[in-house]
*Asks:* 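Pasting a structure below so you can have a look.
None of the values given here were measured: they were computed from a predicted structure. Every heavy atom of this structure was used, including side-chain atoms; hydrogens, water molecules and symmetry mates were not.
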Amino acid sequence: LRPRPGRRRRRAEGGRSMTTARSLAAAAAVLLALLLQVSLFPHVAWQGVVPNLALLVVVGAALTRGPQFAMVVGFAAGALIDLAPPADHVAGRWALALTVVGYVAGRVRAESSPTATTVVGTVAASSFVGTSLFAITGLLVGDLSVGVGELLLVIGVAVLWDVVLTPFVLPPLMALFRRLEPARVT
């Protein structure tokens with residue numbers, strides 16, 4: 001296969017090992033987020049809502065690597081959340097929600113370089129979109145027995161949790177993903 005005119009090839013040396021390292025780092029970040037989300041954070045839940053650390057990992061991947069990588073990370077993280085105890089919902093809802101979050105947040109990266117304001121705004125929007133999509137799919141499959149008012153409260157608390165944790169989670173995570181970026185041919 002020939003490269004398209006005007007496009008540069010990435011260096012073959014080190015590129016594959018960086019991809020493997022980036023994938024392993026993403027897997028470790030997702031597993032750590034999931035572990036904290038289901039073991040530690042239920043003890044500090046507010047209004048019954050825990051922070052969605054997996055969503056923050058997906059947003060971090062999206063803002064540093066783009067939508068394709070983030071969608072894969074989002075699907076994997078969502079599938080793990082769907083299957084991890086104490087899952088009490090139809091499997092696949094978080095996988096869908098976090099895949100969409102990966103795409104949406106990754107499009108922000110394409111539009112601008114992530115500043116602190118952009119990162120916080122992207123987290124807030126992604127948290128709203130992901131939690132809303134999870135709630136809407138629950139309504140569609142009959143998985144929820146709560147009213148819309150309660151859903152709006154849960155969505156608001158989820159957004160607040162994710163925004164509050166953003167300065168603690170995203171900077172080191174984004175630095176890790178940036179560090180694992182292969183060198184480009186100049």
*Asks:* Any idea which heavy atoms bring Val57 and Ala29 closest together, and the distance?
*Replies:*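 Closest pair (atom of Val57, atom of Ala29, distance): CG2-O, 3.8 Å.
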*Asks:* Using a 3.5 Å distance criterion without hydrogens, assess whether the side chain of Trp94 forms a donor-acceptor pair with backbone atoms of Ala79.
*Replies:* no
*Asks:* Do you know which two heavy atoms are closest between Gly106 and Ala62, and how far apart they sit?
*Replies:* N-CB, 3.3 Å
*Asks:* Does Thr137 have any side-chain hydrogen bond (donor to acceptor under 3.5 Å, both in side chains) partners at least two apart in sequence or in another chain, and if so, which?
*Replies:*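 Once residues adjacent in sequence are excluded, the partners of Thr137 under the side-chain hydrogen bond (donor to acceptor under 3.5 Å, both in side chains) criterion are Arg93.
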*Asks:* Under 4.5 Å between side-chain heavy atoms, hopping through other hydrophobics if needed: is there a path connecting Leu31 to Leu24?
*Replies:* no
*Asks:* Do Val38 and Val49 share a hydrophobic cluster (ILVMFWY, side-chain heavy atoms under 4.5 Å, transitive)?
*Replies:* yes
*Asks:* Can you sort out the partners of Ser127 under side-chain hydrogen bond (donor to acceptor under 3.5 Å, both in side chains), two or more places apart, ordered by chain and number?
*Replies:*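 Per chain and number, Ser127 pairs via side-chain hydrogen bond (donor to acceptor under 3.5 Å, both in side chains) with Asp162.
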*Asks:* What is the minimum heavy-atom distance between Pro51 and Leu165, and which atoms define it?
*Replies:* CB-CD1, 3.3 Å
*Asks:* Taking it one step at a time, do Tyr103 and Gln68 satisfy side chain to side chain contact (heavy atoms under 4.5 Å, CB included)?
*Replies:* CA-CA 7 Å; Tyr103 176 75; Gln68 292 173 331; over 6 Å; no
*Asks:* So, using side-chain hydrogen bond (donor to acceptor under 3.5 Å, both in side chains) as the criterion, who are the partners of Thr117 when residues are at least two apart?
*Replies:* none
*Asks:* Measure the spacing between CG of Leu152 and CD of Glu150 and express it to the nearest 0.5 Å.
*Replies:*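 Here the rounded value is 10.5 Å.
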*Asks:* With sequence neighbours left out, write down each residue that passes side-chain contact (heavy atoms from CB on, under 4.5 Å) with Leu40, or none if nothing qualifies.
*Replies:*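 If we apply the side-chain contact (heavy atoms from CB on, under 4.5 Å) test to Leu40, skipping adjacent residues, the hits are Leu36.
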*Asks:* Report the distance from atom CH2 of Trp161 to atom CG of Leu53, rounding to the nearest 0.5 Å.
*Replies:*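 Nearest 0.5 Å value for the CH2-CG distance: 9.5 Å.
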*Asks:* Write down the atom of Ala61, the atom of Val73, and the distance for their closest heavy-atom approach.
*Replies:*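 So the minimum-distance heavy-atom pair works out to CB-CG2, 4.4 Å.
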*Asks:* Does a side-chain heavy-atom distance below 4.5 Å link Leu133 with Leu96?
*Replies:*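 The answer is yes; the side chains approach within 4.5 Å.
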*Asks:* Look up atom CZ in Arg65 and atom OG1 in Thr19, then write down how far apart they are to the nearest 0.5 Å.
*Replies:*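 Output value for this atom pair is 7.5 Å.
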*Asks:* Using the rule that Ile, Leu, Val, Met, Phe, Trp and Tyr join whenever any side-chain heavy atoms are under 4.5 Å apart, tell me whether Phe75 and Met71 fall into a single cluster.
*Replies:* no
*Asks:* Can you find a heavy atom in the side chain of Val58 that is under 4.5 Å from one in the side chain of Val30?
*Replies:* no
*Asks:* Can you get from Leu80 to Leu35 by hopping between Ile, Leu, Val, Met, Phe, Trp and Tyr side chains that sit under 4.5 Å apart?
*Replies:*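 In one cluster with Leu80: Leu35, no.
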*Asks:* Taking side chain as C-beta onward, heavy atoms only, is Leu160 less than 4.5 Å from Val157?
*Replies:* no
*Asks:* Measuring from atom CG of Leu63 to atom OG1 of Thr115, what distance do you get when rounded to the nearest 0.5 angstrom?
*Replies:* 10.0 Å
*Asks:* Does Ala54 have any side-chain contact (heavy atoms from CB on, under 4.5 Å) partners at least two apart in sequence or in another chain, and if so, which?
*Replies:*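 Only Gln37, Asn52, Ala77, Ile81, Leu98 meet the side-chain contact (heavy atoms from CB on, under 4.5 Å) criterion with Ala54.
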*Asks:* Considering all heavy atoms of both residues, which atom of Val163 and which atom of Ala124 are nearest to each other, and what is their separation?
*Replies:* CG2-CB, 3.7 Å
*Asks:* When rounded to the nearest 0.5 angstrom, what is the spacing between OG1 in Thr20 and CG in Leu180?
*Replies:*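 One gets 11.0 Å once the value is rounded to the nearest 0.5 Å.
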*Asks:* Is there a continuous path of hydrophobic side-chain contacts, each under 4.5 Å between heavy atoms, that joins Val90 to Leu83?
*Replies:*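 No, because Val90 and Leu83 fall into different hydrophobic clusters, even though each may have its own neighbours under 4.5 Å.
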*Asks:* For residues 23-69, which residue pairs pass the ring pair (Phe, Tyr, Trp, His ring centres under 6.0 Å) check, not counting sequence neighbours?
*Replies:* Phe69-Phe177
*Asks:* What is the minimum heavy-atom distance between Ala25 and Leu176, and which atoms define it?
*Replies:* CB-CD2, 3.8 Å
*Asks:* Under a 4.5 Å cut-off applied to non-hydrogen side-chain atoms, are Val50 and Val44 in contact?
*Replies:* no
*Asks:* Supply the atom-to-atom distance Arg22 CZ to Thr64 OG1, rounded to the nearest 0.5 angstrom.
*Replies:* 8.5 Å
